[in-house]
Amino acid sequence: MATYDGGQVVRFAKQSEVLEVLHDGEDLPVGIAVDGTHVYWASQAPDGSLRRAPLAGGPAETLYTGFLAPWKIVVEDGAVYVADQFAGHVFRIPLNGMPAQQVAHQMGPLGIALDESHIYSADAEGWAITRAPREGGGAAFAIADAEDPIDIVVDEENVYWTEGEGGITAMQSKTGGDPPIVLKSGQRITSAIEQDDTHIYWTESGGGRVMRVAK
């Protein structure tokens, strides 16, 4: 995890409560993602950056600079995707050194999720859940309205998201068209969301709880 105020990237062993600091002295780190060799995070300091460090230990390196307000990051298929809220873009930064691309444009993306062909975004400024071609070259369009969307995940058929101040966890078909289904409402500041094969999990940060519901 990235500790925003503490300036650290840390991890816990799954069967241990011992905290291990992978990297210290970071400036407002946010987001976290891993692949087989590295942990990745973004910095919300001025001229925000994308950084990474080896999982086995070693110095951190900067992969990209120039973000305005980066939030969630996803690593997949040799690239890092970064949601930049104030720039209104999702950036794709290839790990092979090729130039970064703006692959999706919204008003203010926070959370992002990917499938084989599309990027799905929680557009906090546009109050919408959007979908855009994963490799760029096409416009993003809204598949559902959402008040203050924060984070998002997708499976083979559906997209799931949290609405922060609205206290809602909801779902919708990835193609849109039908009204969203509210999975839980009346919560206090829902935020991060995750999934496995059978359940959706999310944090209710205002209530200090981790919640789940069967798919």
Side-chain angles (χ1 to χ4, degrees), residues 1-2 4 30-33 40-42 44 48 50 67-76 80-92 102-134 136 138-185 187-195 199-206 210-213 215:
M1 71 180 74
Y4 185 79
V30 295
I32 204 81
Y40 301 78
W41 65 94
Q44 284 200 342
L50 173 66
F67 297 121
L68 298 181
W71 284 100
K72 190 169 183 178
I73 63 176
V74 175
V75 181
E76 196 165 313
V80 186
Y81 296 79
V82 183
D84 190 342
Q85 180 187 9
F86 292 165
H89 296 294
V90 177
F91 289 84
R92 181 179 183 271
Q102 296 177 4
V103 291
H105 177 75
Q106 300 92 46
M107 294 182 67
L110 290 181
I112 53 174
L114 278 65
D115 65 12
E116 293 81 3
S117 56
H118 289 89
I119 300 168
Y120 301 82
S121 300
D123 187 351
E125 305 296 331
W127 284 26
I129 303 301
T130 67
R131 186 179 80 176
R134 177 167 161 169
F141 74 95
I143 60 175
D145 295 331
E147 183 179 345
D148 187 30
I150 300 295
D151 202 5
I152 186 171
V153 293
V154 297
D155 61 18
E156 292 183 358
E157 297 181 352
N158 300 305
V159 55
Y160 307 83
W161 67 90
T162 53
E163 301 182 16
E165 294 293 341
I168 288 174
T169 305
M171 63 177 285
Q172 167 69 292
S173 164
K174 292 198 295 187
T175 57
D178 298 322
I181 297 172
V182 175
L183 300 174
K184 179 70 174 177
S185 62
Q187 302 172 96
R188 296 178 57 198
I189 313 178
T190 53
S191 51
I193 190 168
E194 271 299 342
Q195 65 174 325
H199 288 80
I200 298 297
Y201 304 82
W202 66 92
T203 56
E204 184 192 5
S205 56
V210 176
M211 310 284 287
R212 78 173 186 177
V213 65
K215 289 185 176 180

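Numbers here simply count residues along the sequence, with the first being 1.
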S.K.: Please check this pair: side chain of Glu157 against backbone of Lys174, looking for a donor-acceptor N/O pair closer than 3.5 Å.
M.R.: no

S.K.: Near Met211 CE, under 6.0 Å, is it more than 12 heavy atoms from other residues, nucleotides or ligands?
M.R.: yes

S.K.: Which pair of heavy atoms, one from Val153 and one from Ile193, lies closest together, and at what distance?
M.R.: CG1-O, 3.6 Å

S.K.: Under 3.5 Å, is there a donor-acceptor pair between the side chain of Asp123 and the main chain of Gly108?
M.R.: yes

S.K.: Just wondering, more than 12 heavy atoms not from Phe141 lying within 6.0 Å of its CZ?
M.R.: yes

S.K.: Tell me, do Tyr160 and Thr169 make a side-chain contact under 4.5 Å, heavy atoms counted?
M.R.: no

S.K.: Given side chains that start at C-beta, do those of Thr175 and Arg131 come closer than 4.5 Å, heavy atoms only?
M.R.: yes

S.K.: Check whether any side-chain heavy atom of Ile181 sits under 4.5 Å from a side-chain heavy atom of Met171, and report yes or no.
M.R.: yes

S.K.: Between Val154 and Leu114, what is the shortest heavy-atom contact and its length?
M.R.: CG2-O, 3.5 Å

S.K.: Taking all non-hydrogen atoms of both residues into account, name the closest pair between Ile112 and Ala83 and its distance.
M.R.: CG2-CB, 3.7 Å

S.K.: Which pair of non-hydrogen atoms, one from Val80 and one from Val75, has the smallest distance, and what is that distance?
M.R.: CG2-CG2, 4.0 Å

S.K.: Would you sort out whether Leu110 and Gln85 count as a side-chain contact (heavy atoms from CB on, under 4.5 Å), showing the intermediate values?
M.R.: CA-CA 6 Å; Leu110 290 181; Gln85 180 187 9; 3.5 Å; yes

S.K.: side-chain contact (heavy atoms from CB on, under 4.5 Å) with Trp202: which of Lys184, Gln195, Glu194?
M.R.: Lys184

S.K.: Kindly say whether Phe67 contributes a backbone atom to a donor-acceptor pair with the side chain of Asp84 at under 3.5 angstrom?
M.R.: no

S.K.: Are any non-hydrogen side-chain atoms of Gln102 and Phe91 less than 4.5 angstrom apart?
M.R.: yes

S.K.: Look up atom CG in Asp115 and atom CD in Glu156, then write down how far apart they are to the nearest 0.5 Å.
M.R.: 10.0 Å

S.K.: Evaluate the side-chain proximity of Pro70 to Leu50: yes if any heavy-atom separation is below 4.5 Å, no if none is.
M.R.: no

S.K.: In terms of ring plane angle, is the pair His89 and His105 parallel, tilted or perpendicular, where the classes change at 30° and 60°?
M.R.: tilted

S.K.: In the structure I gave you, are the side-chain heavy atoms of Gln172 and Asp178 within less than 4.5 Å of one another anywhere?
M.R.: yes

S.K.: If you take all heavy atoms of Val103 and Ala132, which pair is closest and at what distance?
M.R.: O-CB, 4.4 Å

S.K.: Is the backbone N or O of Glu165 less than 3.5 Å from a side-chain atom of Asp148, with the two atoms forming a donor-acceptor pair by type?
M.R.: yes

S.K.: For Ser205, is there any backbone N or O sitting under 3.5 Å from a side-chain donor or acceptor partner on Thr203?
M.R.: no

S.K.: Any chance you could lay out the side-chain contact (heavy atoms from CB on, under 4.5 Å) test for Lys72 and Asp151, step after step, and finish with the verdict?
M.R.: CA-CA 8 Å; Lys72 190 169 183 178; Asp151 202 5; 2.9 Å; yes

S.K.: Does the Thr190 side chain pair with the main chain of Glu163, one donor and one acceptor, at a distance under 3.5 Å?
M.R.: yes

S.K.: How far does CD1 of Ile73 sit from CD1 of Ile32, to the nearest 0.5 angstrom?
M.R.: 6.5 Å

S.K.: If I compare all heavy atoms of Pro109 with all of Gly88, which pair ends up nearest, and what's the gap?
M.R.: CD-CA, 3.8 Å

S.K.: Is a donor from one side chain sitting under 3.5 angstrom from an acceptor on the other, for Glu125 and Gln106?
M.R.: no

